[in-house]
Enquirer: 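Below is the structure I would like to discuss, written out as structure tokens.
Only heavy atoms go into these numbers, but all of them, side chains included; no hydrogens, no water, no symmetry mates.
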Amino acid sequence: MNIVDSEDKISQLIEADDWMMKVLNAASTLNLPDWWIGAGFLRNKIWNFMEGKSPEPSRDVDLVYFDSKNKTEEADWNYDAKMSLLYPFAEWEVRNQARMHYVNNFEPFMSTSDGIAHWVETATCIGVRLTGKRLEYLFCYGTADLFGLVARPTPYFSADKELLKKFFYRIDEKNWKNKWPHLRIETH
């Protein structure tokens, strides 16, 4: 499936989901620089669709942005608290990618998309945002793994034995093979 067809299909799924649209509208109110909602918000929706499953109720929202001027944890915690207070229909985790490189000992990220590209699995390195009334997408590694039900480590995780262990740990910890029985685990 090419990127345009992927975007069209994802847009159909998101626009038909009132909760997802509420989340995107709420996120847009923060006016964060270079913001995206990524990870399971989109991945789970697509993988459930690919498996023919009803959407699982997930309230987790990974809202990421890039602000090199304020890289304090407290700024993120304040955003978490604000969003939880104003929009309690989701569990918000707002994180500035300008500081998140420390988690896995990477070089500092240069943008939100650079931060997202360093997440664990290729199918998780995706994002969506609402600009006006238009959905925009970020696919750091394309959509083949996302629509192919493939869990594959990003190059940053496959190149390092310790980080590759995190990849396998996440799959087990999150019980992905039971949630999505047709999921393929690939490391190349």
Side-chain angles (χ1 to χ4, degrees), residues 3 7 10-11 14 17-46 58-143 146 153-160 162-167 169-170 173-174:
I3 296 292
E7 288 182 3
I10 295 169
S11 292
I14 290 174
D17 188 317
D18 291 337
W19 181 80
M20 291 183 92
M21 290 304 296
K22 271 177 67 173
V23 166
L24 287 160
N25 277 297
S28 70
T29 66
L30 276 180
N31 293 313
L32 293 170
D34 194 22
W35 73 272
W36 295 92
I37 293 178
F41 181 80
L42 266 182
R43 182 203 59 229
N44 294 359
K45 183 74 170 178
I46 303 305
S58 173
R59 295 175 29 94
D60 294 338
V61 176
D62 294 300
L63 171 57
V64 294
Y65 67 102
F66 193 87
D67 182 358
S68 59
K69 292 180 178 84
N70 185 357
K71 297 189 264 187
T72 66
E73 290 179 332
E74 291 79 16
D76 288 347
W77 299 338
N78 289 335
Y79 286 130
D80 290 346
K82 179 179 181 176
M83 294 303 282
S84 294
L85 181 66
L86 294 175
Y87 308 105
F89 52 81
E91 293 173 9
W92 299 93
E93 185 171 296
V94 184
R95 295 296 176 264
N96 185 356
Q97 297 303 287
R99 71 173 183 82
M100 295 306 294
H101 61 281
Y102 79 89
V103 172
N104 290 305
N105 233 5
F106 292 131
E107 292 295 316
F109 302 140
M110 304 309 293
S111 65
T112 306
S113 61
D114 187 29
I116 292 172
H118 282 78
W119 289 354
V120 183
E121 308 87 19
T122 55
T124 303
C125 297
I126 54 181
V128 61
R129 66 182 170 197
L130 197 56
T131 304
K133 295 191 181 284
R134 195 171 132 259
L135 294 170
E136 291 183 31
Y137 297 96
L138 170 69
F139 303 110
C140 297
Y141 298 98
T143 60
L146 181 63
T154 62
Y156 305 100
F157 279 77
S158 63
D160 181 287
E162 290 306 308
L163 290 178
L164 190 57
K165 287 179 189 177
K166 284 186 178 185
F167 165 78
Y169 177 77
R170 276 175 49 87
E173 176 190 37
K174 293 177 179 279

Enquirer: Please examine the side chains of D34 and S111, heavy atoms only from C-beta on, and report whether any two atoms are closer than 4.5 Å.
Expert: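 Heavy-atom side-chain distance check passes, below 4.5 Å.
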Enquirer: Is there side-chain contact between I46 and I10, with at least one heavy-atom pair below 4.5 Å?
Expert: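 Counting from C-beta outward, I46 and I10 do come under 4.5 Å.
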Enquirer: Quick check: do M100 and H118 have side-chain heavy atoms less than 4.5 Å from each other?
Expert: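 No. Closest side-chain heavy atoms not under 4.5 Å.
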Enquirer: Just by distance, with hydrogens left out, do T112 and Q97 show a side-chain donor and acceptor under 3.5 Å apart?
Expert: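 No, because no side-chain N or O of T112 sits under 3.5 Å from a partner of the opposite role on Q97.
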Enquirer: Would you name the heavy atoms of F89 and A26 that are closest together and state the gap between them?
Expert: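 Shortest heavy-atom contact: CZ-CB, 4.0 Å.
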Enquirer: For the atom pair OG (S113) and CG (L138), what is the distance rounded to the nearest 0.5 Å?
Expert: 5.5 Å
Enquirer: Between S11 and L135, which heavy-atom pair has the shortest distance, and what is it?
Expert: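 Minimum heavy-atom separation between S11 and L135: OG-CD1, 3.9 Å.
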Enquirer: Taking all non-hydrogen atoms of both residues into account, name the closest pair between I37 and L63 and its distance.
Expert: CG1-CD1, 3.9 Å
Enquirer: Look at K165 together with E162 and state whether they make a salt bridge at an N to O cut-off of under 4.0 Å.
Expert: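 The answer is yes: the pair qualifies as a salt bridge.
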Enquirer: Any idea which heavy atoms bring E121 and T154 closest together, and the distance?
Expert: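 Here E121 and T154 meet closest at C-CG2, 3.7 Å.
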Enquirer: How close do W92 and S84 get, heavy atom to heavy atom, and via which atoms?
Expert: CD1-N, 3.8 Å
Enquirer: What is the distance from atom CH2 of W36 to atom CD1 of I116, rounded to the nearest 0.5 Å?
Expert: 7.5 Å
Enquirer: Please evaluate residues L130 and N25 with respect to the criterion side-chain contact (heavy atoms from CB on, under 4.5 Å), reporting the C-alpha separation (whole Å), side-chain torsions for both, the decisive distance (0.1 Å), and the verdict.
Expert: CA-CA 7 Å; L130 197 56; N25 277 297; 3.2 Å; yes
Enquirer: Report the distance from atom NZ of K133 to atom OG of S28, rounding to the nearest 0.5 Å.
Expert: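 With rounding to 0.5 Å, NZ (K133) is 10.0 Å from OG (S28).
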Enquirer: Is there a side-chain contact between P33 and W35 (heavy atoms, below 4.5 Å)?
Expert: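 P33 vs W35: side chains apart.
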Enquirer: Does the ring centre of F41 sit less than 6.0 Å away from the ring centre of W19?
Expert: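 W19 vs F41: aromatic centres under 6.0 Å.
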Enquirer: Decide side-chain contact (heavy atoms from CB on, under 4.5 Å) for K45 and D17; before the verdict, give the C-alpha distance in whole Å, the side-chain angles of both, and the deciding distance to 0.1 Å.
Expert: CA-CA 10 Å; K45 183 74 170 178; D17 188 317; 2.8 Å; yes
Enquirer: Please report the shortest heavy-atom distance between N70 and N96, naming the atom on each side.
Expert: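 Of all heavy-atom pairs spanning N70 and N96, the closest is O-ND2, 3.0 Å.
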Enquirer: Could you tell me the separation between the CE atom of M20 and the CG atom of L42, rounded to the nearest 0.5 Å?
Expert: 5.5 Å
Enquirer: Rounded to the nearest 0.5 Å, what's the gap from CZ on R99 to CD on E73? Could you check?
Expert: 5.0 Å
Enquirer: Does the separation of the ring centres of F139 and Y137 fall below 6.0 angstrom?
Expert: yes
Enquirer: Between L30 and M83, is any pair of side-chain heavy atoms under 4.5 Å apart?
Expert: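 In short, these two side chains touch, coming nearer than 4.5 Å.
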Enquirer: Does the side chain of S158 reach to within under 4.5 Å of the side chain of F167, using non-hydrogen atoms?
Expert: no
Enquirer: Just list the side-chain donor-acceptor pairs under 3.5 Å for residues 101-110, sequence neighbours left out, or say none.
Expert:
residue, atom, partner, partner atom, Å
N104, OD1, K166, NZ, 2.4

Enquirer: When you check the gap from the basic side-chain N to the acidic O, do K71 and D76 get nearer than 4.0 Å?
Expert: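 A salt bridge is absent here (no side-chain N lies under 4.0 Å from a carboxylate O).
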Enquirer: For Y65 and N31, test the side chains for any donor-to-acceptor distance below 3.5 angstrom and give the result as yes or no.
Expert: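 Side chains of Y65 and N31: no pair found under 3.5 Å.
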Enquirer: Pair L32, Y79 - check side-chain contact (heavy atoms from CB on, under 4.5 Å), show working.
Expert: CA-CA 10 Å; L32 293 170; Y79 286 130; 3.4 Å; yes
Enquirer: Does any part of the side chain of I14, heavy atoms only, come nearer than 4.5 Å to the side chain of M21, both counted from C-beta?
Expert: yes
Enquirer: Salt bridge check, D80 against R95: does any charged N sit closer than 4.0 Å to a carboxylate O?
Expert: yes
Enquirer: Supply the atom-to-atom distance E136 CD to T131 OG1, rounded to the nearest 0.5 angstrom.
Expert: 3.5 Å
Enquirer: With side chains defined as the heavy atoms from C-beta onward, is the minimum distance between P153 and L164 less than 4.5 Å?
Expert: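 Yes, at least one pair of side-chain atoms sits under 4.5 Å.
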Enquirer: Take C140 and I126 through the test side-chain contact (heavy atoms from CB on, under 4.5 Å) and record every step on the way to the result.
Expert: CA-CA 6 Å; C140 297; I126 54 181; over 6 Å; no
Enquirer: So, using side-chain hydrogen bond (donor to acceptor under 3.5 Å, both in side chains) as the criterion, who are the partners of T29 when residues are at least two apart?
Expert: Y87
